[in-house]
Structures are given as structure tokens and as C-alpha cells.
Protein chains: 2
Amino acid sequence: MNKKCIIRLLRYKNALHRLNTLGFVKIFSDNLADAVGVTATQVRKDFSLFGISGNKRGGYQIDALIEKLNGLMGKDELQEVVIVGGGNIGTALMKYKGFEKEGIKIVACFDIDPSKYQKKEKEVSVMALEELKDFVKARKIKIGIIAVPEIAAQQVLDHMLAAGIKGIVNFAPIRLRGSADCVINNVNLVLELETVIYFIVNGLNKMIGEIHEDQKS
Amino acid sequence: MNKKCIIRLLRYKNALHRLNTLGFVKIFSDNLADAVGVTATQVRKDFSLFGISGNKRGGYQIDALIEKLNGLMGKDELQEVVIVGGGNIGTALMKYKGFEKEGIKIVACFDIDPSKYQKKEKEVSVMALEELKDFVKARKIKIGIIAVPEIAAQQVLDHMLAAGIKGIVNFAPIRLRGSADCVINNVNLVLELETVIYFIVNGLNKMIGEIHEDQKS
DNA sequence: GATTTATAGTGAAAAAAATCACAAAAAAAC
DNA sequence: GTTTTTTTGTGATTTTTTTCACTATAAATC
């Protein structure tokens with residue numbers, strides 16, 4: 001039961017959700033592997049490790065599988081999330097439709113200069129950074145997104161920790177250090193692009209098909 | 001020389017750039033490790049593997065180090081990149097300032113319905129998807145970003161491949177398969193958030209400080 | 001200029017992760 | 001109802017990745 005395996009399980013769950021809404025009922029380790037980008041053996045091994053079993057020659061029942069994964073990984077109830085930083089990235093995330101489907105709700109955005117933003121119909125409201133603490137404490141919010149410039153990221157992190165945020169996705173292009181008190185997932189958009197560029201410029205595309213994904217195919 | 005190691009080298013380069021602009025001249029494996037989120041041993045091992053050496057008790061000269069890394073990984077000349085999809089994410093990336101510093105230039109965006117967008121001062125222009133192929137071929141662009149809804153992603157990928165794009169960062173929440181002809185880096189924003197949520201909901205924050213980063217501390 | 005100290009460098013060991021190879025069983029075909 | 005086929009399940013093996021434990025060396029100190 002390692003970190004990587006857990007992350008894969010999340011991916012399986014995610015993919016299964018999608019397949020489910022597409023109307024699929026049954027799935028083979030093969031198909032799931034393909035959807036997630038790993039090998040079929042890996043899928044079965046992961047399941048085996050967590051005591052998930054299917055039917056020999058019958059594959060897996062998708063809804064039962066989702067059920068099991070939910071039981072294992074904690075059914076994700078609706079999670080309220082705040083964003084700090086109302087710039088390009090922050091705004092995009094505020095408006096992004098993809099979260100809702102997965103039970104994630106962006107409830108507010110905080111910015112140093114909220115006067116720039118006026119609330120439009122159906123949009124997330126932007127508040128002053130000073131209001132973060134009270135808001136987060138009052139609503140017992142545990143998850144936050146950092147979408148501020150590099151220079152402000154560390155300071156914003158401190159604010160969030162003080163407010164009681166426990167998990168963060170950080171989009172500022174600087175690595176923020178997690179702690180026992182707070183899990184941080186650093187996502188560096190520039191680096192994601194640079195990685196691809198590197199592989200292309202150096203003609204290494206033959207070497208790999210995908211990046212970060214560790215499968216055959 | 002494995003994929004992970006290459007990606008780490010890219011991270012080192014990135015971090016060194018930042019440290020350099022901040023005025024640092026010298027660095028120890030320790031510091032770099034910390035900036036990137038790995039162990040000092042790992043940094044030294046990676047360097048050793050690629051024949052990069054520093055000075056005993058003197059650390060590494062940052063500019064020389066960058067030089068070496070550039071030599072090794074191909075100096076990144078200005079790279080022109082196109083975006084497909086002018087929605088929330090696409091728009092954010094178009095406006096995002098962070099790319100320029102790293103020699104990445106977003107030169108155009110393509111959308112099914114470009115009439116929604118009117119070009120403003122200093123902004124990237126949005127064109128019809130049909131123009132993608134000619135544009136990309138004419139300017140010999142090799143790198144593209146997919147920022148369309150899930151449903152359209154596969155089709156857009158096909159368009160891009162036909163146009164001669166060789167490397168892609170895909171933000172649609174579906175795994176696109178790379179090939180010998182095209183490297184794909186799938187970035188799933190929802191999943192990044194879900195991963196954090198999972199660790200928090202299950203109280204596993206003690207288990208890890210960071211996600212995707214495999215270091216101590 | 002000898003001694004101490006901090007840091008790089010690296011082969012060896014350990015740990016982690018992935019893959020293989022094959023058994024078990026259910027379904028399908030005959 | 002027997003045989004074949006397909007797919008799961010998993011111990012064993014291999015490969016990959018990381019860490020350890022130590023040496024070498026340059027700088028700093030005394």
C-alpha cells in the first residue's frame with residue numbers, strides 16, 4: 001500500500017465514474033488499464049492488494065467496483081474549496097465546470113484587491129484576503145487552492161495554514177513544503193509544458209509515449 | 001538515465017533559473033534538493049549519473065550548472081506553442097505571464113467558435129479550428145495545448161496530429177494516448193484536487209507531506 | 001601548515017515498484 | 001458434459017529507484 005498505488009486507485013475511481021456515466025456496466029482489467037494508462041496486471045495487482053475482486057472471465061461490475069473503492073477511499077462528500085488569487089488561473093478555476101461533477105465546490109475566492117472584481121450572476125464571489133481566516137473557520141473548510149504569483153505564494157500559504165486549511169493545490173511555480181499538518185500538491189504548469197518541449201526538442205518521443213504515465217502501449 | 005531522472009533534471013534547471021534571477025551564485029546539493037523537493041543525495045546521484053560535478057565543500061556554481069544542464073538537455077530556444085480551446089483554462093493560459101520567462105510563447109489559440117472572442121490589445125488572437133493546420137504547418141509549430149471539454153479532446157488531438165504537432169499538454173480530464181509520433185502529458189486538474197482531498201478526508205496527512213514529490217522533510 | 005569541517009561523489013545495499021508466469025475458475029463452445 | 005477460451009488472482013522474479021555508508025577533497029580554522 002504505497003502512495004503511488006493510492007493515487008492509481010483514485011484514477012481508477014475517476015475513470016470508472018466516467019465510464020459509468022457513459023453507460024458502461026462491466027469492465028475488464030484491460031479496459032480500465034487502458035483508460036488510466038497502466039498495464040492490466042497493474043490494475044489487478046492493485047485491486048488484489050486492497051482485496052478487491054472481480055469475476056473470473058467476467059471482469060468487474062462497474063458500480064460494485066465504485067462502491068468498493070468508495071468504501072476504501074472514503075466516499076467523497078461534497079467538498080468545499082476556496083481559491084486564493086483571482087488572476088488568470090484563479091479565475092479559470094472559479095469558472096471551471098469540471099469540479100462539480102466530482103463533488104467539489106469552489107465556494108469563494110480571495111484576493112488582495114477584490115475591488116477589481118464585481119460579482120456577476122451565478123459566479124463565485126471574490127473577497128479580501130483578510131476575510132479568508134474567518135470565512136474558512138466559520139465554514140470549516142479544509143481544502144484550498146493557491147493561484148497567486150510566485151512572490152506571494154509562501155505568505156498566502158501561511159495565511160491558509162493559520163486559517164486551518166489542511167490540504168492545498170499550489171499552482172504558483174514554486175515548491176511549497178508540506179508538513180504533518182498540511183498536505184500540499186504542487187502543480188507547476190510551466191514545468192508541465194517544458195517537460196513536453198524537452199522530449200520533443202531532444203527527439204526522445206520515440207522513447208516514450210506519455211509522460212508521468214508509466215504504462216506500456 | 002531514466003524518465004524520472006530526466007524530469008528531475010528539468011526541475012533542477014527550473015529551480016536554478018529562479019535562484020539565479022534571485023541573485024544566488026552558488027548552491028549546495030542541499031539547497032537545490034530543498035527547492036525541488038528531493039533529497040540531497042538524489043541530487044548528487046542524478047548529477048553524477050550525467051557527469052555533472054561541483055566543488056567539494058564549495059557546492060555548485062549556478063551559472064555553470066545551468067550551462068551544463070542546457071548542454072545536456074538542449075538549450076531551450078524560444079518555443080512557439082498553440083492552444084486549442086478558448087474556454088476558461090485556455091483563456092487563462094493565453095494570458096498567463098509565467099511562460100515567457102521560460103522561453104515559451106503562446107502564439108495563437110483555436111476554437112470552434114472564434115466569433116466569441118475579439119482580439120484585445122496585446123492579446124493572443126483566437127482563430128477558427130479549421131485554420132489550425134495551415135497555421136501550424138506554416139510556422140512549423142511542434143507543441144500544443146489541449147484545453148477543450150472532454151468530449152472534444154480526442155477529435156482535437158487528431159486535428160493536431162494531422163497538423164504535425166509533436167508534443168501536447170492535455171488539460172481535458174481524459175487520458176489521451178501518446179504514440180511514437182507524439183508525446184502527451186496529461187494534466188488532470190480535477191484529479192490533482194481530488195488527490196489532496198483524499199489524503200485529508202482519510203487523515204493520511206501524517207503519512208505524507210507532499211504528493212507527487214518523493215522527498216523527505 | 002596541520003587539523004577540522006563541510007560538502008561532493010559513488011559503489012553497495014535496500015527498498016519499492018512493476019512485471020512475469022502460471023494457476024484457478026467461470027463462461028462459452030462444441 | 002467435456003473441452004476450449006478468456007480472464008482474474010497472485011507468488012515469485014526482475015527491474016528500477018532510492019538511500020546508505022563511506023571516501024575524497026577543498027576550504028576554513030587554529
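To find a chain, count down the sequence lines: A is the first, B the second, and so on, and within it residues start at 1.
- Taking atom CZ on B:Arg8 and atom P on D:dT16, their separation rounds to 15 Å, with Å as the unit.
- The interatomic distance linking A:Phe50 (CZ) with C:dA17 (P) rounds to 12 Å, in whole Å.
- Summarising the geometry, the separation between NZ on B:Lys4 and C1' on C:dA16 is reported as 9 Å, rounded to the nearest angstrom.
- Salt-bridge check for B:Lys105 with B:Glu100: failed, with every basic side-chain N at 4.0 Å or more from each acidic carboxylate O.
- A salt bridge is absent between A:Glu80 and A:Lys142: the closest approach of a Lys/Arg side-chain nitrogen to an acidic carboxylate oxygen does not fall below 4.0 angstrom.
- Rounding to whole angstrom units, CD of residue B:Gln42 and P of C:dT7 are separated by 20 Å.
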Base, backbone or nothing for each nucleotide of nucleotides 6-15 of chain D, written B, S, -, heavy atoms under 4.0 angstrom, 5' to 3'? BBBBBBB---
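- Under a 4.0 Å N-O distance rule, the pair A:Glu194/B:Lys13 does not qualify as a salt bridge.
- Atom CG of B:Leu32 is separated from atom P of C:dG9 by 12 Å (rounded to the nearest Å).
- For the atom pair CD1 of B:Ile141 and CG of B:Leu132, the computed distance is 8.5 Å after rounding to the nearest 0.5 Å.
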Determine whether A:Phe47 and A:Phe50 satisfy the following criterion, ring-ring contact (aromatic ring centres under 6.0 Å, His included), listing intermediate values before the conclusion. CA-CA 5 Å; A:Phe47 284 180; A:Phe50 281 85; 8.9 Å; no
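- Side chains of B:Val25 and B:Asp63 form no contact here, defined as non-hydrogen atoms less than 4.5 Å apart.
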